[in-house]
Amino acid sequence: MHFELQPTSQRWIERACREMDAVLMDHAHCEKKAAATALGFVFRSPERPDLVLAMSKLAREELIHFERLIAILQERKMNFKRFPPSEYAGKMIDFVRAPRNYAKNLLPQIVDELLVAGLIESRSTERFQKLMLAPLADELRDLFAELAEAEARHGIVYIEFAETFTKRERVEKRMAELCAFEGTILENADDEIRLHAG
C-alpha cells in the first residue's frame with residue numbers, strides 16, 4: 001500500500017546530528033516499546049497464529065536492536081536510564097478509534113493500532129534513511145542503514161496484517177487520515193530532540 005509521509009525537515013536532521021546522544025537514548029527506549037507493542041498483539045490475538053508468530057519474531061528483533069543500542073550507549077560512556085518521551089506516540093494512540101461496543105466490534109481499533117504501529121515504523125525508516133546520509137561517523141551511518149532496513153520490514157508487516165482485517169480501500173483511507181494527523185504532530189516541534197519529535 002502506498003502512502004505519503006510529510007518529509008523530515010533539514011532542521012531536525014541538523015539538530016539530531018548535534019544531539020546524537022539524546023537520539024540514541026530515545027531510540028533505545030523506542031526499541032523497547034516496539035517489542036512491547038508487538039507482544040501486545042500476541043496476547044490479544046491468540047486466535048490468529050499467523051499474526052502471533054509474525055509479532056513474536058518482530059518482538060525478538062526489536063529486543064536485539066534494543067540490546068545493540070544499550071551497547072552503543074555504553075561505548076559512548078552513557079548508562080541506559082529513564083528518558084522523557086516525546087508526545088508523538090501518545091498522540092497517535094489517542095487518535096485510534098475506540099469501539100462503540102467492545103463485545104461486537106473491535107475491528108476499527110485493531111486496524112488503527114496496526115496502522116499506527118506501521119506508520120511509526122515508517123517514520124523511523126524515513127528518519128534513519130536521512131541520518132545514514134548525514135555527516136556522521138561511519139559506524140553510526142552503518143547502524144542507521146541497518147535500522148532503516150529493519151524498520152521498513154516491520155512497517156510492512158503491520159500494514160499487511162491491517163489489510164487482513166478489513167477491505168484494502170478502508171485501510172488506505174484510514175492510513176491517509178493517520179498520515180495527515182501525524183503531519184500535524186510533527187509541525188509542532190517538541191522542545192527536546194527525539195527520534196519522532198524535536
Side-chain angles (χ1 to χ4, degrees), residues 5 8-9 11-44 55-96 98 109 112-132 134 136-137 139-148 150-152 154-155 157-158 178 181-182 184-198:
L5 291 177
T8 289
S9 69
R11 180 193 56 77
W12 183 90
I13 298 166
E14 292 171 357
R15 187 178 181 192
C17 290
R18 291 194 307 270
E19 301 180 45
M20 185 51 61
D21 284 351
V23 172
L24 292 170
M25 180 68 75
D26 181 58
H27 190 57
H29 282 278
C30 288
E31 294 286 3
K32 172 175 58 76
K33 293 171 188 172
T37 295
L39 286 176
F41 285 109
V42 171
F43 283 104
R44 291 172 54 210
M55 292 297 142
S56 177
K57 181 178 179 180
L58 197 154
R60 287 200 310 274
E61 188 169 18
E62 300 286 16
L63 286 174
I64 289 170
H65 290 157
F66 170 66
E67 294 166 7
R68 176 106 179 265
L69 266 293
I70 295 296
I72 290 170
L73 291 172
Q74 291 174 342
E75 289 171 6
R76 296 169 75 93
K77 310 301 183 187
M78 298 171 62
N79 292 320
F80 183 68
K81 61 183 181 180
R82 294 182 186 275
F83 202 63
S86 71
E87 296 181 355
Y88 173 90
K91 288 179 178 178
M92 291 300 299
I93 292 168
D94 287 345
F95 199 62
V96 166
Q109 181 180 2
D112 272 16
E113 289 175 350
L114 287 164
L115 290 179
V116 165
L119 194 156
I120 291 173
E121 298 280 354
S122 298
R123 175 56 69 188
S124 299
T125 302
E126 188 260 358
R127 291 203 158 170
F128 286 140
Q129 288 172 340
K130 297 287 177 66
L131 289 174
M132 61 189 262
L136 296 167
E139 57 267 25
L140 283 177
R141 290 205 305 269
D142 290 345
L143 169 70
F144 294 137
E146 178 186 334
L147 292 174
E151 305 283 352
H154 297 170
V157 169
Y158 281 117
L178 289 167
F181 179 71
E182 193 246 11
T184 66
I185 298 174
L186 296 184
E187 287 172 0
N188 299 299
D190 289 29
D191 292 334
E192 303 295 329
I193 186 72
R194 297 291 184 266
L195 181 64
H196 299 102

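Each residue takes its place number in the sequence, starting with 1.
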Does the side chain of [X] reach to within under 4.5 Å of the side chain of [Y], using non-hydrogen atoms?
X	Y	value
Y158	I120	no
V116	F95	no
N188	E87	no
V23	E19	no
R123	L186	yes
R194	F83	yes
H196	I185	no
S124	L195	yes

[atom2] on [Y] to [atom1] on [X], rounded to 0.5 Å:
X	Y	atom1	atom2	result
I93	T37	CD1	OG1	6.5 Å
K91	D94	NZ	CG	9.5 Å
L143	H27	CG	NE2	7.5 Å
L140	L131	CG	CG	9.0 Å
S9	K130	OG	NZ	8.5 Å
D112	M92	CG	CE	9.0 Å

Discussion item. Under a 3.5 Å distance rule, please check whether Q129 uses its side chain to pair with a backbone N or O of A148 as donor and acceptor.
Written reply: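 No; zero donor-acceptor contacts below 3.5 Å.
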
Any idea which heavy atoms bring [X] and [Y] closest together, and the distance?
X	Y	value
N79	M25	O-CE, 3.2 Å
A197	R127	N-NH1, 3.4 Å
R141	A134	CD-O, 3.2 Å
F181	T184	O-OG1, 2.5 Å

Worksheet item: Under the salt bridge (Lys or Arg N to Asp or Glu O under 4.0 Å) criterion, do K57 and E61 qualify, and how do the steps go?
Response: CA-CA 6 Å; K57 181 178 179 180; E61 188 169 18; over 6 Å; no

Worksheet entry | Pairs flagged by salt bridge (Lys or Arg N to Asp or Glu O under 4.0 Å) wherever residues 65-76 is involved - sequence neighbours left out |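 Sorted result for residues 65-76: D21-R76, R68-E146.
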
Worksheet item: When you look at T125 and H154, which way does the side chain to side chain contact (heavy atoms under 4.5 Å, CB included) test go after all the steps?
Response: CA-CA 10 Å; T125 302; H154 297 170; over 6 Å; no

Discussion item. Which label fits F80 and F66: parallel for a plane angle under 30°, tilted from 30 to 60°, or perpendicular past 60°?
Written reply: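 F80 vs F66 ring planes: perpendicular.
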
